[in-house]
Amino acid sequence: MLTELKERFRKALTGLVDEPAELLDLIRGSQDPKFGDYQANLAMPLGKRLRRPPREVAAEIIKRLEIDDLCAPPEIAGPGFINLRINDQWLARRLSAAVAEPRLDVAPVASRRTFVIDYSAPNVAKPMHVGHIRSTVIGDALCRVLRFLGHRAISDNHIGDWGTQFGMILYGYKHFLDVEAYRRNPVQELARLYRHVRRLMDEEDNNPNVTTTDSVQAAVLAETARLHAGDPENRRLWEQFLPHCEDEIQRVYSRLGVTFDHTLGESFYEERLAPVVDDLLRRGIARESDGAICIFLEGHKTPMIVRKRDGAFLYGTTDLATIQYRLETWRPDAILYVVDHRQSLHFQQLFAAARLLGYKNIELQHVSFGTVLGDDGRPFKTRSGDTVGLEGLLDEAVRRALEIVSANDDAKPNGPELSTEQRRQIAETVGIAAIKYADLSQNRTSDYIFSYDKMLAMTGNTATYMQYAYARVRSIFAKGGVDIEQLRASGSPIVLNSAAERALAIEILRFSEALDMTVADYRPNQLTSYLFDLANRFSTFFEQCPVLRADTDELRQSRLLLCDLTARTIQKGLELLGIRVVEKM
RNA sequence: GCGCCUGUAGCUCAGGGGAUAGAGCAACGGUUUCCUAAACCGUAGGUCGCAGGUUCGAUUCCUGCCAGGCGUACCA
């Protein structure tokens, strides 16, 4: 709809201005229905440029505008706003097209780009906790939306499988292994060892009497160094641990419904690190300083270190090697890093270094997000035992969902409709959705206050609300015995006689605007916000407009079509956020 | 010290050069012989951190200040 409007305005502006793109961005949805559906705010700045009164400019634009088939005659208001009201006939035609069309009237992008999306990336030696959700869920959603819009999106989970965490479990394995427990459940025992060593190291931090030479920390670093140096035993153990660690994270991913095209962790780049540093040195991009190999960057006081004095490489080195590999392998137009904002300095340096290496014509983007904070507003600490594990959080969400599902089902006027198994499945879907939505609905740049109640909320602006709207539509179809295929093929006209129907219709047709906004700044909360508006419009419609008992057959058909479009849009929108719907709830 | 981010209703947060700043939760009032009340309708609640500046117009952009967070050479 917006695209169409812009096109019309573009034509009207030719001859008046040379570069209309910026002005066309000033066409947007109206804030208030009384100003119509869309408003064009371009007459004011244009009036300034042409040194003419804005209202006069607005009048001229309207005169040039060929828009009769699309809108009611545009109105000029205030200092020069052009208010636009879409024709009901045009809306109805557009909706009918969407009925017959699997993409819901969303056109694929004209120029397809290739994205590599780097997200989730947990350290696999330790259990995932609540802090891992954001990257995972946001990255997955961006991937899905980009693909739906017609882009090529390659997801790559850059897991931490080569760092100090492995030194920790190597050390733990050699000193504190419970052989029987390891045999029974290796994943659990490795997690225990990790936590145990973590605790020992934390205790050392608070104990001034420990000397650096005999400390656990030093021993852990030594184990890590031996692994990197190719020590056969550590290597063998690492190879033995890794599959267990991957099973562990895989279990969480399958429950979350998240998948990756590739899982190329740090270890994958091991052999590329030395050549990267050599190359940097040879080309004079990096130089030795204080024993370390450094890249000094303009505007940065501290250099990016690519090789430590002791010869070890750092994650900056790995990241450079990774960029190199991705460019060679996929030739992407963009690489997105969905990573905590605390690493923004690292990415600034990394991107600057990449440019020095001559990697141009590629969008390198740190899609950063805020930190998870505790209830007290302090940063949420990930160490020690009292952190919230990711699986525990999922379980709690599902438990709460099950309570609500059951209570609601019990309270149905004609008695319960759901079996125990159905209730359980619905609770799983609704509970996980609640957690994902809590993350996705927030502007990613702000910090996140961790709160069980907020994260697990199932009333208000939540995934549950959308799922509920969807289930109500399905319920209407079930009660009415409607054959959906037949309905869609019927060619019945859509009529928009009431404000509620019209508002719903407009909202349905704005789906593609929401997707464009989501991708523009890589912000899924644009999509959640749209879906909430849509579900809201539907709820109002549901209250005010009887569907099965509509006054006429024509109206009934029309409303059924609106219901179907709403349900499909919600389903698709949620799907793009990685959230599933349920038929009943 | 320097750099990045944040400051909007009691709480949690959207929004963003344009018309009277929005939502959820909490509070208060109303709605169920009617397709799911996980809902709907309404009331109340804000000096958009403070001060300047640019502009026809600033909560939005710029500068300074205040407050908080994060980061800041060999962790990731």
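A, B, ... follow the sequence lines: proteins, then strands. Residue 1 opens every chain.
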Legend entry - Salt-bridge contact A/R559-A/D564 (side-chain N to carboxylate O under 4.0 Å): no
Inset, instruction - Compare side-chain N and O positions of A/N536 against OP1 and OP2 of B/C40 and report whether any pair is under 4.0 Å apart. - result: yes
Inset, instruction - With RNA chain B as reference, determine whether A/D340 or A/E266 sits nearer its 5' end, using the nearest nucleotide of each. - result: A/D340
Inset, instruction - Report yes if at least one side-chain N or O of A/N525 is closer than 4.0 Å to OP1 or OP2 of B/G15; otherwise report no. - result: yes
Inset, instruction - Compare the minimum distances between each of B/A38, B/G18, B/A73 and the side chain of A/P303, then state the nucleotide with the smallest one. - result: B/A73
Inset, instruction - Ignoring hydrogens and angles, answer whether the base of B/A26 and the side-chain atoms of A/D453 contain a donor-acceptor pair closer than 3.5 Å. - result: no
Legend entry - Interatomic distance, A/I82 CD1 vs B/G18 C1' [rounded to whole Å]: 14 Å
Inset, instruction - Take atom CD of A/Q422 as the centre, draw a 6.0 Å sphere, and report whether it contains more than 12 heavy atoms from other residues, nucleotides or ligands. - result: yes
Inset, instruction - Would you mind reading off the distance between A/M458 atom CE and B/A39 atom P, rounded to a whole angstrom? - result: 12 Å
Legend entry - Side chain of A/Q442 (C-beta onward), nearest among B/G15, B/A38, B/A14: B/A14
Inset, instruction - Respond yes when some side-chain nitrogen or oxygen of A/Y452 is under 4.0 Å from OP1 or OP2 of B/U12, and no when none is. - result: no
Legend entry - Pair A/H158 + A/F268: ring centers closer than 6.0 Å: no
Inset, instruction - May I ask you to verify if any side-chain N or O of A/R342 is less than 4.0 angstrom from the OP1 or OP2 atom of B/U6? - result: no
Inset, instruction - Could you check which of B/A38, B/C40, B/C4 has an atom nearest any side-chain atom of A/Y465? - result: B/C40
Legend entry - Distance test, side-chain N/O of A/S451 to OP1/OP2 of B/U12, below 4.0 Å: no
Inset, instruction - Please tell me which of the listed nucleotides, B/A38, B/U72, B/G24, lies nearest to the side chain of A/F532? - result: B/G24
Inset, instruction - Check every strand shown and say whether A/R474 touches a base, only sugar-phosphate, or nothing at a heavy-atom separation below 4.0 Å. - result: nothing
Inset, instruction - Could you pick out which residue, A/D32 or A/I293, lies toward the 5' side of RNA chain B when each is mapped onto its nearest nucleotide? - result: A/D32
Inset, instruction - Please evaluate the base of B/A19 for a donor-acceptor partner in the side chain of A/Q39 within a cut-off of under 3.5 Å? - result: yes
Legend entry - Among B/A76, B/G15, B/U6, the one nearest A/T445 by side-chain distance: B/U6
Inset, instruction - Would you indicate which nucleotide in B/G18, B/A38, B/C75 comes nearest to any side-chain atom of A/N41? - result: B/G18
Legend entry - N/O (side chain, A/N443) to phosphate O (OP1/OP2, B/G15) under 4.0 Å: yes
Legend entry - Given B/C13, B/C40, B/A19, the nucleotide with the shortest approach to the side chain of A/S539: B/C40
Inset, instruction - Could you check whether A/V473 gets within reach of a base, just the sugar-phosphate, or nothing at all, counting any heavy atom under 4.0 Å? - result: nothing
Inset, instruction - May I ask you to check whether over 12 heavy atoms, not counting those of A/R580, lie within 6.0 Å of atom CZ? - result: no
Legend entry - Aromatic ring proximity A/Y465/A/F532, centre distance under 6.0 Å: yes
Legend entry - Pair A/R399 + A/E403: basic N to acidic O under 4.0 Å: yes
Legend entry - Identified side chain to side chain contact (heavy atoms under 4.5 Å, CB included) partner of A/M304 from the options A/I293, A/L320, A/D319, A/L314: A/L320
Please tabulate, one pair per line, each protein N/O and nucleotide N/O from nucleotides 34-37 of chain B that are separated by under 3.5 Å, including the distance.
residue	atom	partner	partner atom	Å
B/C34	O2'	A/R549	NH1	3.4
B/C35	O4'	A/R549	NH1	3.4
B/C35	O3'	A/K479	NZ	3.4
B/C35	O2	A/L548	N	3.1
B/C35	N3	A/V547	N	2.9
B/C35	N4	A/F542	O	2.7
B/C35	N4	A/C545	O	2.7
B/U36	OP1	A/S475	OG	2.4
B/U36	OP2	A/S475	OG	3.1
B/U36	OP2	A/K479	NZ	2.4
B/U36	O2'	A/Y468	OH	2.3
B/U36	O2'	A/R472	NH1	3.3
B/U36	N3	A/M585	O	2.8
B/U36	O4	A/M585	N	2.9
B/U36	O4	A/M585	O	3.4
B/A37	OP2	A/R472	NH1	2.8

Legend entry - A/F81 over B/G18, stacked by centroid distance under 5.5 Å, angle under 30°: no
Legend entry - Residues in side-chain contact (heavy atoms from CB on, under 4.5 Å) contact with A/A471, at least two apart in sequence or another chain: A/M585
Inset, instruction - Quick one: label A/R559 by what it contacts on the DNA or RNA (base, sugar-phosphate, nothing), any heavy atom closer than 4.0 Å. - result: nothing
Inset, instruction - Rounded off to whole Å, could you give me the CG-to-C1' distance for the A/L26 and B/A19 pair? - result: 15 Å
Inset, instruction - Would you please confirm or rule out a distance under 4.0 Å between OP1 or OP2 of B/C56 and any side-chain N or O of A/K48? - result: yes
Inset, instruction - Pick base, sugar-phosphate or nothing for A/T464, based on heavy-atom distances below 4.0 Å to the nucleic acid. - result: base
Legend entry - Side-chain donor/acceptor contact of A/S289 with base of B/A73 under 3.5 Å: yes
Legend entry - A/R510/A/D533 ion pair, N-O < 4.0 Å: no
Inset, instruction - Please work out if A/F296 contacts a base, only the sugar-phosphate, or nothing of the nucleic acid, heavy-atom cut-off 4.0 Å. - result: base
